[in-house]
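Owing to the predicted nature of the structure, the values given are computational and were not obtained by experimental measurement.
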Number of protein chains: 2
Amino acid sequence: MAGDTRSRLLEGALETVRTHGIAGASARSIAAAAGVNQALVFYHFGSVDELLAEAVRHGAQQRVLVYRDRFDSITSLRELLDLGWSLHADERAAGNLAVLAQMLAGAQADPRLRTATAAGLGLWVAEIEAVLHRILGSTQIADFVDIGGLARAIATAFIGLELYDGVDTDGAGRAMSALEQLATLATMLEDASPLAGKTARYLGRCEGR
Amino acid sequence: MAGDTRSRLLEGALETVRTHGIAGASARSIAAAAGVNQALVFYHFGSVDELLAEAVRHGAQQRVLVYRDRFDSITSLRELLDLGWSLHADERAAGNLAVLAQMLAGAQADPRLRTATAAGLGLWVAEIEAVLHRILGSTQIADFVDIGGLARAIATAFIGLELYDGVDTDGAGRAMSALEQLATLATMLEDASPLAGKTARYLGRCEGR
DNA sequence: GTCTATAGTCGGATAGAC
DNA sequence: GTCTATCCGACTATAGAC
């Protein structure tokens, strides 16, 4: 926990939310985690909510930057999956997705956290969306599925899994395995271009609904 | 808000978590919502946590029962999807999934809420799993994907979507549309049995990983 | 079972010395 | 910028009258 007071408080806020949840993130507990005086929360950020809002932005920015290169190098659904699981494992250990999940829960009842939380999640969504566009943009899938929507679905599924992991680790593991199996199936369909072509033509005939 | 004090408190707890979030669910606010004296929380449940734990069980049981018949009548993936969206809309309005999401967030930092929350979510998972077994059990999908895991993935995805909906309604809508499109695609693959057969044989050759 | 009253704790926020 | 000291409200939980 180094740096000037401002960044110490930002880091302290993230650590406190991680370990005590959004409900346990008070000015006092955050200041203790940051190793600074409690009054400085209000001097630097005005209120606890403001601090939390800035912290979630800060944290998401920081983490997305760590993975930027790896996102950029992805060229297939298979690689995206592999990154997804290793990212999930990393962030599970580091607890950054947990912070986002906690903020998401807190934001439901507190409008002041909404925009900041949406922005933090938006950073992850943007990365996923860019990758999906690159690897699916030229396939038929892009014609039938909104890629931006898909990116949002993937990001939120990660959030749900993260929360579930906290109350039932075995169950979350099974869920991830099932998604892995399902996604592997999709990857193979993608590779087997004749099938993809057939599917696309089939869909073309059924666009009624 | 009728009935005896005990059930008034259970209902009041659900309503309070719904409207004020888990962080705002104090003995006082719950008692106010229930229209009873604050001290009765401790007389009947011992502590706020205990009340919340019982409330989430109570709420999940109640809601699952409402949908029981509809779950039982499902015979295809298409019907499961339709129920999924209408259920999501219902529960979004009634706010019961929101309660589960809040409890899930609160349980991360509070071990006493963990088992109760896991049990509440488990009721939903069990319903989904039963349906999936019925409609997928005889297909090749069951050979490649853990149905129980899939049910857990679906349930948690709903939770993630619910939380996301609270901070970005448009984004959540796009995510749901994308899933709809993707699932429609899957339904059609299911209908087009020749393709499914081919896929299965293809998978059989690739089971290495 | 239900009420009032209250002890004791913790939290947000500010004033003012340094 | 940082600290101490403090106000005040909200909270959990209990004691005791009814």
Between [N] ([atom2]) and [X] ([atom1]): distance, integer Å:
X       : N      : atom1 : atom2 : value
B:Leu9  : C:dG1  : CG    : P     : 12 Å
B:Ile30 : D:dA10 : CD1   : P     : 17 Å
A:Leu52 : C:dG11 : CG    : P     : 14 Å
A:Arg28 : D:dC8  : CZ    : C1'   : 12 Å
B:Leu51 : D:dA13 : CG    : P     : 11 Å

Among [options], find the nucleotide with the atom closest to the side chain of [X].
X       : options               : result
B:Tyr43 : D:dT4, C:dG1, D:dC11  : C:dG1
A:His44 : C:dT2, C:dG12, D:dG1  : D:dG1
B:Gln38 : C:dG12, D:dA13, D:dC3 : D:dA13
A:Phe42 : C:dA5, C:dT14, D:dT4  : C:dT14

Evaluate the ring planes of A:Trp124 and A:Tyr67, with Trp represented by its six-membered ring, and classify them as parallel (under 30°), tilted (30 to 60°) or perpendicular (over 60°).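 The arrangement is tilted - the two ring planes meet at 30° to 60°.
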
With the threshold set at 4.0 Å, does a side-chain nitrogen-carboxylate oxygen contact exist between A:Glu54 and A:Arg6?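 Salt bridge: yes.
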
Can you work out whether B:Asn37 or A:Ala39 has the more 5'-proximal nearest nucleotide on DNA chain C?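 Upstream on the strand: B:Asn37.
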
I'd like to know if the side chain of A:Gln102 and the backbone of A:Ile22 have a donor-acceptor N/O pair within less than 3.5 Å.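 Yes: the side chain of A:Gln102 pairs with the backbone of A:Ile22.
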
Taking only side-chain nitrogens and oxygens of A:Thr5, does any of them come within less than 4.0 Å of OP1 or OP2 of D:dT2?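 Yes.
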
How is [X] classified with respect to the nucleic acid when contacts are heavy atoms under 4.0 Å: base, sugar-phosphate, or nothing?
X       : value
A:Ser29 : nothing
B:Ala27 : sugar-phosphate
A:Val41 : nothing

Which heavy atom of B:Leu150 sits nearest to which heavy atom of A:Leu182, and what is that distance?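 So the two residues come closest at CD1-CD2, 3.7 Å.
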
